[in-house]
Amino acid sequence: AAVAQAVASLRISLPGNGIVTLPNALFFSDAVGEAIDDEGMLKAELQDSPYGPQAQLSGLAAGLVKYADALKTVRG
């Protein structure tokens, strides 16, 4: 709950500094460390999961690119 409150507070204050936030946030659980192998790679079963961290990060990155492209158009 504290993290969600922090995100909400930042979304209110950041636009005053010219910073645009995405409408969604990505949270990781404490178990994310267990999802990474000894080589620092995300375990294969999680890479292939449509609901795993890899898919969530890919979706967030795609959204970020869309917002960046829109801002380039608006800000020139």
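FYI, the numbering just counts along the sequence from 1. Excluded from the calculations below are hydrogen atoms, water molecules and symmetry mates; all remaining heavy atoms, backbone and side chain alike, are included.
Side-chain contacts under 4.5 Å among hydrophobic residues (ILVMFWY), followed directly or transitively, place Val20 together with Leu71.
Residues passing the side-chain contact (heavy atoms from CB on, under 4.5 Å) test with Ile19, sequence neighbours excluded: Leu14, Asn17. Residues that satisfy the side-chain contact (heavy atoms from CB on, under 4.5 Å) test with Gln54, not counting sequence neighbours, are Leu42, Ser58. With sequence neighbours excluded, the residues that form a side-chain contact (heavy atoms from CB on, under 4.5 Å) with Asp37 are Glu39, Met41.
The two residues Pro50 and Ala55 come nearest to each other via the heavy atoms O-CB, 3.3 Å. When every heavy atom of Leu60 is checked against every heavy atom of Leu22, the shortest pair comes out as CD1-CD1, 3.8 Å.
Screening residues 60-76 for salt bridge (charged side-chain N to carboxylate O under 4.0 Å, His left out), with sequence neighbours left out, gives Asp69-Lys72. Applying the salt bridge (charged side-chain N to carboxylate O under 4.0 Å, His left out) test to residues at least two apart or on different chains, none of the pairs has a partner in residues 2-25.
Using a 4.5 Å cut-off between side-chain heavy atoms of Ile, Leu, Val, Met, Phe, Trp and Tyr, with links allowed through other members, Leu57 and Ile36 fall into different hydrophobic clusters.
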